[in-house]
Amino acid sequence: TMGEAMPAPAVYNGILAYTTGAGCFVGVNASTGQVIWMDRFAGLFASMSSVNYYVLPNGTPLFIGGFTSLSKPYGLLIAVNGYNGEEAWNATLPAPNEPYNTGMGDVPPAVSQKYGIVVQSTVANAEPNGTVDTMLLAVNATNGKVLWATNLGRGYTPPAFKGGIPLIVGDTVYVGIPSLGRVAAVNLLNGSILWETRLPD
């Protein structure tokens, strides 16, 4: 591969899609390994954001991965057409929020096929005192339009992996907040916080 391949790939309809640390998004034949398409996004790299997918109403899969950018906005969710690799959309936190460090390139996106929503967590809005916000972002799975962004709280920057991996169950998103030692439940449809719980020490 061009660059390290740390994130887990996704497989749909005979296509295996993966991302790399060189900003590549690659689709290969899952049976033979033959490359079907390869994108290279200049200035971006994937850290630990495993690939997920959403299937459009016409049956076309969109493979979705998180990338870190070397310049503003410092992080993007990118969706590509699973059959030809063409970029379908990209999304980031809405201003004035700003992803920080490898946040968006670290966290695997969660997908609700039922509601057509993609959710990702990232650290953002870093301050000189070493604190960050943990943001939860939801976008329309078809076009990448931001639906909502919720601030889950501010705490000290996690030392390595920068976010909590979201899990969607029905119309609820569950996600960890590493900088606060908390777990949150958030309404998938509007981003409202249902509850937050401090984990035992």
Side-chain angles (χ1 to χ4, degrees), residues 1-13 15-30 33-55 60-93 97-111 117-124 126 132 134-141 143-144 146 149 157-168 173 175-176 178-179:
T1 63
M2 192 177 296
E4 80 279 11
M6 291 195 291
V11 179
Y12 181 81
N13 202 22
I15 301 168
L16 182 146
Y18 66 92
T19 59
T20 78
C24 295
F25 215 140
V26 186
V28 302
N29 182 301
Q34 179 181 1
V35 174
I36 302 169
W37 48 263
M38 184 173 82
D39 302 318
R40 182 124 189 241
F41 301 109
L44 298 179
F45 63 94
S47 298
M48 298 295 288
S49 179
S50 298
V51 178
N52 208 331
Y53 64 85
Y54 172 74
V55 183
T60 301
L62 297 181
F63 288 108
I64 305 161
F67 288 84
T68 297
S69 174
L70 301 178
S71 58
K72 289 184 178 182
Y74 300 114
L76 289 174
L77 268 178
I78 297 180
V80 299
N81 183 304
Y83 293 137
N84 58 30
E86 292 182 3
E87 183 177 339
W89 52 259
N90 67 67
T92 191
L93 285 176
N97 297 294
E98 188 172 280
Y100 173 66
N101 202 271
T102 58
M104 290 190 75
D106 271 340
V107 176
V111 175
I117 297 175
V118 180
V119 175
Q120 195 191 36
S121 169
T122 183
V123 291
V132 291
T134 296
M135 303 289 298
L136 196 61
L137 171 71
V139 303
N140 182 299
N143 57 28
V146 174
T157 305
F161 189 87
K162 298 296 191 299
I165 300 173
L167 168 69
I168 299 172
V173 184
V175 65
S179 66

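- Expressed to the nearest 0.5 Å, how far CG of L93 lies from CD of E98 amounts to 9.5 Å.
- In this structure, CG in N52 is found 12.5 Å from OH in Y12, a value given to the nearest 0.5 Å.
- Between S179 and V123 the shortest side-chain heavy-atom distance does not fall below 4.5 Å.
- The heavy-atom pair separating G65 from S49 by the smallest distance is C-OG, 4.0 Å.
- Scanning all heavy atoms of the two residues, the minimum distance from P178 to P158 falls at CB-CG, 4.0 Å.
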message: Between W37 and N81, does the side chain to side chain contact (heavy atoms under 4.5 Å, CB included) criterion hold? Intermediate values first, please.
response: CA-CA 10 Å; W37 48 263; N81 183 304; over 6 Å; no
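- The shortest distance between side-chain heavy atoms of I64 and W89 falls below 4.5 Å.
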- request: Test Y53 against V111 for side chain to side chain contact (heavy atoms under 4.5 Å, CB included), laying out the working first.
  value: CA-CA 7 Å; Y53 64 85; V111 175; over 6 Å; no
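- Under the 30°/60° scheme for interplanar angles, the aromatic rings of F67 and F41 are found to stand perpendicular.
- Judged by distance alone, the side chain of N101 and the main-chain N or O of G103 form no donor-acceptor pair under 3.5 Å.
- Atoms CZ and CG, from F45 and L70 in turn, are 6.0 Å apart once rounded to the nearest 0.5 Å.
- Considering every non-hydrogen atom in both P99 and P73, the closest pair reads CD-O, 3.0 Å.
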- prompt: Checking side chain to side chain contact (heavy atoms under 4.5 Å, CB included) for the pair V119/L136: CA distance, chi angles, key distance, verdict?
  reply: CA-CA 7 Å; V119 175; L136 196 61; 3.6 Å; yes
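- Atoms CG and CE, from N97 and M135 in turn, are 3.5 Å apart once rounded to the nearest 0.5 Å.
- Residues A10 and V51 come closest through the heavy atom pair CB-O, 3.5 Å.
- By the 4.5 Å heavy-atom criterion applied to side chains, V146 and L137 are counted as neighbours.
- For the pair L44/I78, a side-chain contact is recorded, criterion being any heavy-atom separation below 4.5 Å from C-beta on.
- Residues T68 and S47 approach most closely at OG1-OG, 4.3 Å, considering heavy atoms.
- Pairing each heavy atom of Q120 with each of L77, the nearest pair is OE1-CG, 3.6 Å.
- Judged by distance alone, the side chain of N29 and the main-chain N or O of Q34 form no donor-acceptor pair under 3.5 Å.
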Taking distance alone, no hydrogens or angles, what donor-acceptor pairs closer than 3.5 Å link side-chain atoms of residues 17-28 to residues at least two apart or in another chain?
from, atom 1, to, atom 2, distance (Å)
T20, OG1, M2, O, 2.6
T20, OG1, A22, N, 3.1

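- Rounding to the nearest 0.5 Å places NZ of K72 at 12.0 Å from OG1 of T92.
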